[in-house]
Amino acid sequence: MAKTFKNICETFIIGPDCQERFLPVSSEVYAYLAQRGISLSGLSILSGQYEIGRIRPAFHHLLYCIRGSGWVVLPDRETTLNPGEIYIAPAGIASAYGIKSKRWEIAWLMLLDIEQWSMVYQIGPGVRRSTWSLPVRNIMEGILTETAHPGKFTGPALQNYYDLLLMHLRRELDVQAGQMEFGIAEKLQLLQEKVRARIHYPWTVAELLEQSELYVSENHFHRLCLEHWQSPPLKKVTAIRMERARELLLNTDYSVHLIGELVGYQNAFAFSTAFNRWSGSSPRQCRNAGKTWHEL
């Protein structure tokens, strides 16, 4: 692999043995797709030298692997792109990719950074399984064939191909976004369990993000916590601590000082202040109210 995630740079190497066919962006018949945010697309059969690197692309990039394999480098990891998989890179994300096998066949699209394709940000960068790689490849082949041999029915045929291509892209991204949504919720749930298991640990946002295995920026992590938890990350940690503290107050005879230590506070005053802010009552009031309830 020519690149590592530590040294992604602007690279454009296409050797003489590479064959690339572009959908005709300059043609008037292509305007239908261009108006819908597909700025460039095509089919490539690659061999020999082939390597592309972008530090801050202005467009979203989708790359379907049809045959052979390639390598992909993202800011936080390296991976392989195999047949039946798609590489998705949102605009603004540094990445690099190139040929790994002797021969590599791909279908690729560059999407404008517009509202219609905003779900690409939700999906995030990475390589994933795809159901639509061959259908997308066949649709693009049909478009290239029609434009190369125009005839009486070329216009209606192209319109059908364009609609099918847009439909498959929407299917692809909707499925991937749905999987990401489930994956995010699952990872955030696992993160809560990690916090509960080490409830006394002095968690920071950076450590929570690392333990979440979400591989997003801290700002994006904050937004995900607000969306799924209705709470910023550290406020959620406090809530988990306070829930455990309330359980201990109501079900043990541990001292307030000891309970504070068990849930991560160095002194009883800091714990009492936090508990009062969270529940509206002091730890002792909570314990007394619990005892009164049990006695009734």
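- Side-chain atoms of R128 do not come within 3.5 Å of backbone N or O of I86 as any donor-acceptor pair.
- Residues F221 and I93 do not share a hydrophobic cluster, clusters being chains of Ile/Leu/Val/Met/Phe/Trp/Tyr side chains in contact below 4.5 Å.
- Between the side chain of H168 and the backbone N or O of L164 there is at least one donor-acceptor pair closer than 3.5 Å.
- Side-chain contact check for L63 versus L109: every heavy-atom pair is 4.5 Å or farther apart.
- Of all heavy-atom pairs between G98 and W104, the closest is O-CZ3, 3.4 Å.
- S95 and Y87 form a side-chain donor-acceptor contact under 3.5 Å, judged by distance and modelled atom types alone.
- Judged by distance alone, the side chain of R67 and the main-chain N or O of E105 form no donor-acceptor pair under 3.5 Å.
- With contacts defined as side-chain heavy-atom distances shorter than 4.5 Å, the pair I259/P283 does not qualify.
- Atom OG of S39 sits about 11.5 Å away from atom CG of L23, to the nearest 0.5 Å.
- A side-chain donor-acceptor contact under 3.5 Å links W203 to the backbone of R198.
- The heavy-atom pair separating R129 from G84 by the smallest distance is CZ-O, 3.6 Å.
- Residues I66 and I45 fall into different hydrophobic clusters, defined by Ile, Leu, Val, Met, Phe, Trp and Tyr side chains chained together at heavy-atom separations under 4.5 Å.
- Within the model, atoms CG of L158 and CD of E146 stand 5.5 Å from one another, a figure rounded to the nearest 0.5 Å.
- The shortest heavy-atom contact between K194 and Q211 is NZ-O, 2.7 Å.
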Task: ring pair (Phe, Tyr, Trp, His ring centres under 6.0 Å) between H61 and Y97, worked out - done: CA-CA 11 Å; H61 194 190; Y97 57 92; 5.3 Å; yes
Task: side chain to side chain contact (heavy atoms under 4.5 Å, CB included) evaluation trace for V256 with S272 - done: CA-CA 8 Å; V256 170; S272 296; 4.0 Å; yes
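- With K236 contributing its side chain and C225 its backbone, the two residues share no donor-acceptor pair below 3.5 Å.
- Between E78 and V72 there is no side-chain heavy-atom pair separated by less than 4.5 Å.
- Environment of OH in Y121: crowded, with over 12 heavy atoms of neighbouring residues, nucleotides or ligands closer than 6.0 Å.
- Minimum interatomic distance between L74 and P125 (heavy atoms only, all atoms of both residues): CD2-CB, 3.8 Å.
- Looking only at atom types and distance, the side chain of D163 has a donor-acceptor partner in the side chain of Y32 under 3.5 Å away.
- Of the possible donor and acceptor atoms, none in the side chain of Q192 sits under 3.5 Å from a partner among the backbone N and O of Q189.
- In this structure, L262 and Y254 have side chains that are in contact, with non-hydrogen atoms separated by less than 4.5 Å.
- Listed for the S118 side chain is no donor-acceptor partner under 3.5 Å among the backbone atoms of I114.
- Inter-residue side-chain proximity for I38 and L169 is flagged as met; some heavy-atom pair is nearer than 4.5 Å.
- Residues H149 and T154 come closest through the heavy atom pair O-OG1, 4.1 Å.
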Task: Audit row: L209, E218, side chain to side chain contact (heavy atoms under 4.5 Å, CB included) steps and yes/no - done: CA-CA 7 Å; L209 175 55; E218 285 195 13; 3.8 Å; yes
Open item on the list: For W71 and I99: C-alpha separation, side-chain torsions, deciding distance, then whether side chain to side chain contact (heavy atoms under 4.5 Å, CB included) applies.
Closed with: CA-CA 6 Å; W71 54 262; I99 188 169; 5.7 Å; no
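- Going from atom CG of L249 over to atom CE of M242 covers 9.5 Å, rounded to the nearest 0.5 Å.
- Judged by distance alone, with hydrogens and angles left aside, the side-chain atoms of S101 form a donor-acceptor pair with the main-chain N or O of S69 at under 3.5 Å.
- Annotation for E193: atom CD counts as buried by contact number, over 12 foreign heavy atoms lying within 6.0 Å.
- In this structure, the side chains of R287 and L248 stay at 4.5 Å or more apart for every pair of heavy atoms.
- For R103, the CZ atom sits in a loose shell: 12 or fewer heavy atoms of surrounding residues, nucleotides or ligands are nearer than 6.0 Å.
- Between the side chains of S47 and K102, no donor-acceptor pair is found at a separation under 3.5 Å.
- Counting heavy-atom neighbours within 6.0 Å of Q116 CD, excluding the residue itself, gives a total above 12.
- The distance from the CG atom of L165 to the CG atom of N160 is 12.5 Å, given to the nearest 0.5 Å.
- For the pair T11/I52, no side-chain contact is recorded, criterion being any heavy-atom separation below 4.5 Å from C-beta on.
- Residues L33 and I139 share a hydrophobic cluster, clusters being chains of Ile/Leu/Val/Met/Phe/Trp/Tyr side chains in contact below 4.5 Å.
- When only modelled atom types and interatomic distance are considered, Y201 and E207 share a side-chain donor-acceptor pair under 3.5 Å.
- Contact check for R241 versus Y265: side-chain heavy atoms found under the 4.5 Å cut-off.
- If you check the side chains of Y64 and E172, you find a donor sitting under 3.5 Å from an acceptor.
- No side-chain donor-acceptor contact under 3.5 Å links S212 to the backbone of E210.
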Open item on the list: Between E20 and I14, is the side chain to side chain contact (heavy atoms under 4.5 Å, CB included) condition met? List the steps.
Closed with: CA-CA 10 Å; E20 294 201 291; I14 301 178; 3.3 Å; yes
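- Nearest approach of H222 to P233, heavy atoms of both residues: ND1-CD, 3.6 Å.
- A salt bridge is defined here as a Lys NZ or Arg NE, NH1 or NH2 lying under 4.0 Å from an Asp or Glu carboxylate O, and R223 with E227 fails to meet this definition.
- In terms of hydrophobic clustering, with Ile, Leu, Val, Met, Phe, Trp and Tyr side chains grouped at heavy-atom distances under 4.5 Å, L112 and L166 are assigned to a common cluster.
- In this structure, T147 contributes its side chain and L144 its backbone to a donor-acceptor pair below 3.5 Å.
- Going from atom CE of M140 over to atom CZ of R21 covers 9.5 Å, rounded to the nearest 0.5 Å.
- With rounding to the nearest 0.5 Å, the separation of CD1 in I123 from NE2 in H60 is 9.5 Å.
- The number of heavy-atom neighbours closer than 6.0 Å to CD of Q230, taken from other residues, nucleotides and ligands shown, is above 12.
- W108 and S44 share a side-chain donor-acceptor pair at under 3.5 Å.
- With hydrophobic clusters built from ILVMFWY side chains whose heavy atoms lie under 4.5 angstrom apart, L191 does not share a cluster with L226.
- For the pair R36 and W117, the cation-pi test (distance below 6.0 Å, angle within 45°) is failed.
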